[in-house]
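What you see is a predicted model; the values in this text were computed from it and never measured. In what follows, every chain begins at residue 1, and chains take the letters A, B, ... in the order their sequences are listed.
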Amino acid sequence: MTMEATRSHDEHFESLERQVAATRLGMWIFLVSEVLLFAALFTLYATYRADWPRAFEEAVGHNPILIGTVNTAVLIVASFTVAMGLHHLQHGRSRTAVAFTVATVGLALLFLGIKGYEYSIHVTEGILPGGKGRFFETHAVSDGFAAFFTLYYVTTGLHGIHVTVGAAVLAALAIGIHRGRIHAERSHPLELGALYWHLVDCIWIFLWPLYYLLGTHR
Amino acid sequence: MTGATSYLGHGTTLKSWLLTKDHKRIGVMFLIATTIALLVGGVFALLLRTEHLTPEPTLVGPHGYNRLFTLHGVIMVWFFMIPAIPSGFGNFLVPLQIGAHDVAFPRLNLASFYIYLLGAFVLLGGLFYGGADTGWTFYVPYSAETPTAVVPLLLGVFILGWSSIITGLNLIVTMHTMRAKGLRWMQMPLFSWAIYGTSVIQVLATPVLGMVLLLVTLEHTLEWGIFDPRHGGDPILYQHLFWFYSHPAVYIMVLPALGVISEVVCAFTRKNPLSYRALVWSTLGIAFFSFLTWGHHMFTSGMSVFASGTFGVLSMFVAIFSAIKVFTWTGTMYRGSVSLKTPLLYVLAFIFLFVFGGMTGVAVATTSLDVHWHDTYFVVAHFHFIMVGGVTTAFLAALHYWWPKLTGRMYPEGWAMVAAVLVFLGFNLAFVPQFLMGNAGMPRRYYFYPEEMQALHVLATGGAWMLGLAFVAVLIYLLWSLRTGARASANPWHSASFEWRTPSPPPHYNFDGTPRFERGAYDYTRVEPPDRPVSLP
């Protein structure tokens with residue numbers, strides 16, 4: 001690992017500093033576009049909740065609040081671990097950085113596992129998107145209940161895809177740190193990956209109250 | 001000099017083009033792809049206009065007609081109008097205008113082109129299965145229930161949306177971080193500013209479209225009933241989400257065009273803009289307010305009078321910024337040293353047609369009037385005045401103005417002027433009758449019409465054919481000029497704008513070292529005028 005390699009930047013940029021600044025701005029703009037993507041789904045939620053307030057309350061109550069809360073804790077810890085990974089990387093402790101990044105990936109997979117388990121609960125009891133499934137045939141619930149769960153599947157599904165992508169990106173970054181391509185003098189790839197990961201967490205922080213807390217749990 | 005050292009000669013294998021990271025080559029590839037889209041969309045237009053020659057069946061049946069107008073709209077909006085100027089000219093010119101060697105993310109730039117191709121490929125798949133009949137607006141519930149191949153169209157557009165977002169992201173970052181030392185924001189050429197405003201809209205609005213089209217795809221294929229009232233859904237919500245993107249989208253199409261006009265006005269009257277700041281701030285004002293007006297597409301959907309009124313007023317607000325631009329341009333041209341070449345001819349056509357298109361826009365923004373015109377040919381004429389009379393005219397102006405820079409050749413001025421006049425005449429013949437028939441009550445997207453409307457339909461069809469043939473003529477002489485056009489000097493127009501400080505065509509790396517910016521982009525006191533007095537050819 002030569003000094004030239006640590007200072008190298010793409011040809012069309014004047015300097016590494018410019019390139020890092022550009023990639024950082026690029027990532028922030030991308031994150032803003034992701035917020036707009038989810039904004040459409042939050043708009044749907046707000047509209048349908050206003051149309052079906054009692055049905056939504058009841059449907060939220062039907063969602064397993066413990067699972068949702070555990071998943072929230074998992075993601076918050078995962079944000080912490082990736083931040084710690086970046087901190088250690090920037091202070092030259094690459095091995096520790098790898099450990100924290102791998103831990104983040106592990107927590108991401110744990111989140112997905114718990115989510116999958118939660119989906120299986122719903123599928124088993126017969127709640128499917130679009131008001132389909134046994135549950136809707138055997139229970140007299142309003143259309144709002146069906147709308148809630150369709151939105152639930154779409155929104156948490158889209159979020160789950162983002163968690164998966166984030167996990168893959170972080171795994172690749174962990175490998176990059178391990179191989180010395182990412183290190184204290186060239187830490188921006190992990191910084192950008194961590195930014196993306198924090199957004200994924202942030203989005204979930206909004207999903208959690210809307211889909212798990214704002215209802216009457218019995 | 002031109003030749004082996006230009007970006008065109010830097011690597012001549014197919015692979016050197018297909019795997020290029022050069023923003024100029026990517027821009028050219030986008031121009032080729034979007035021009036093909038324009039031709040395909042144009043063919044669908046000619047087919048549906050020919051169908052309307054008679055009130056009875058002429059060429060196709062009613063279901064075929066529905067597919068024709070759907071495909072015309074989808075291809076024109078997303079495969080031509082949205083990407084043509086930003087991804088074509090924007091990619092090529094912005095780095096040159098700001099003194100950069102490339103855009104911020106060249107590999108992402110190449111990816112955006114292949115994503116465009118992927119979207120086009122998916123759409124072609126849909127075409128193979130007969131396309132869809134929902135209209136380019138894909139309104140539910142019909143789009144969720146139609147037996148036609150709507151899913152490939154929805155997915156094709158969804159994929160294309162990512163190309164649009166990436167282009168926008170790339171150009172924003174480029175302008176923020178790669179302006180050459182000494183080039184301040186308020187010295188940047190106006191075309192680059194226009195692309196900046198466009199890119200902001202692309203990044204913010206397109207994800208919403210992506211999401212809503214994905215939802216309709218789920219509704220159609222899996223019957224998830226997201227917008228279906230039988231499952232608690234709201235079809236008007238679809239319209240809100242769709243138009244939340246699609247109104248700003250028309251400004252994605254218009255803002256770059258306005259940037260082109262600013263450049264050509266200054267270059268062909270050899271004057272600095274009457275107010276550079278007015279043109280910059282009106283661009284940003286349009287970009288901002290464009291997000292607040294979408295409801296004017298839904299005046300008859302059952303919205304409250306208060307909401308309609310609010311959307312109407314906000315829509316008119318945008319017209320103020322457009323008017324500021326038009327007055328600034330005309331004030332700039334006044335007492336300028338006018339060189340009436342083809343680009344300026346298109347600009348004059350633009351100003352005339354954009355003003356009429358814009359005024360009819362303010363008219364339809366008035367709820368009480370729109371109730372009469374909604375879903376009639378009046379609206380169709382309004383938006384074609386802007387989209388064809390405005391944006392496509394500006395696209396042609398850009399093509400002619402920057403042709404020497406892109407290709408190193410001059411186009412034949414005589415033929416170009418004739419074609420420009422044909423475009424203008426054909427356009428007016430095609431669309432002025434549509435205002436009249438729309439006001440008389442002719443609905444849009446209707447296969448049958450009463451006999452009294454036939455005369456206007458025949459005029460419109462005649463105009464459409466004239467317009468189409470004029471476009472083909474332009475294509476022919478432009479391609480012909482690649483072989484036999486006069487070789488262009490670095491700055492054949494003696495323009496002051498910065499992209500003209502490179503050879504025509506530019507070298508692969510744009511500049512040796514970093515260019516210096518010691519004068520403004522429109523400072524004609526410091527630029528050599530053409531040798532001989534300019535006159536009509």
Measure [X] against the heavy atoms of chain A and call it side chain, backbone, both or neither at under 4.5 Å.
{"X": "L215(B)", "value": "side chain"}
{"X": "T514(B)", "value": "side chain"}
{"X": "V203(B)", "value": "both"}
{"X": "L222(B)", "value": "backbone"}
{"X": "P229(B)", "value": "backbone"}
{"X": "L241(B)", "value": "side chain"}

- chain A contacts, top residue of G210(B), G225(B), P106(B) (heavy-atom pairs, under 4.5 Å): P106(B)
- Item | Expected output: side-chain H176(B) to main-chain A22(A) donor-acceptor under 3.5 Å | no
- Between the main-chain N or O of T150(A) and the side-chain N or O of W224(B), is there a donor-acceptor pair closer than 3.5 Å? no
Give a yes or no on this: more than 12 heavy atoms of other residues, nucleotides or ligands lie within 6.0 Å of atom [atom1] of [X].
{"X": "Y114(B)", "atom1": "OH", "value": "yes"}
{"X": "H178(A)", "atom1": "NE2", "value": "no"}
{"X": "W185(B)", "atom1": "CH2", "value": "yes"}

Give, as side chain, backbone, both or neither, the part of [X] having an atom under 4.5 angstrom from any heavy atom of chain B.
{"X": "Q19(A)", "result": "neither"}
{"X": "F30(A)", "result": "both"}
{"X": "T23(A)", "result": "both"}

- Task: For residues F227(B) and L44(A), determine if any side-chain heavy atom of one lies less than 4.5 Å from a side-chain heavy atom of the other.
- Result: yes
- Query: Only one of V200(B), V173(B), I165(B) clears side-chain contact (heavy atoms from CB on, under 4.5 Å) with I29(A); which?
  - Reply: V173(B)
On a heavy-atom basis, which atom in [X] and which in [Y] lie closest, and how many Å separate them?
{"X": "R18(A)", "Y": "T177(B)", "result": "NH1-O, 2.6 Å"}
{"X": "A147(A)", "Y": "G232(B)", "result": "CB-O, 4.3 Å"}
{"X": "A40(A)", "Y": "V208(B)", "result": "CB-CG1, 4.3 Å"}
{"X": "V103(B)", "Y": "H12(A)", "result": "O-CD2, 3.0 Å"}
{"X": "L204(B)", "Y": "L36(A)", "result": "O-CG, 3.0 Å"}
{"X": "M211(B)", "Y": "L37(A)", "result": "CG-O, 3.6 Å"}

- Query: To the nearest 0.5 Å, how far apart are CG in D234(B) and OH in Y48(A)?
  - Reply: 5.5 Å
- Value for CD1 (I236(B)) from OG1 (T47(A)), rounded to nearest 0.5 Å, stands at 12.0 Å
- Message: Does E223(B) form a side chain to side chain contact (heavy atoms under 4.5 Å, CB included) with K132(A)? I'd like the steps, not just the answer.
- Response: CA-CA 9 Å; E223(B) 294 169 24; K132(A) 299 182 204 293; 3.4 Å; yes
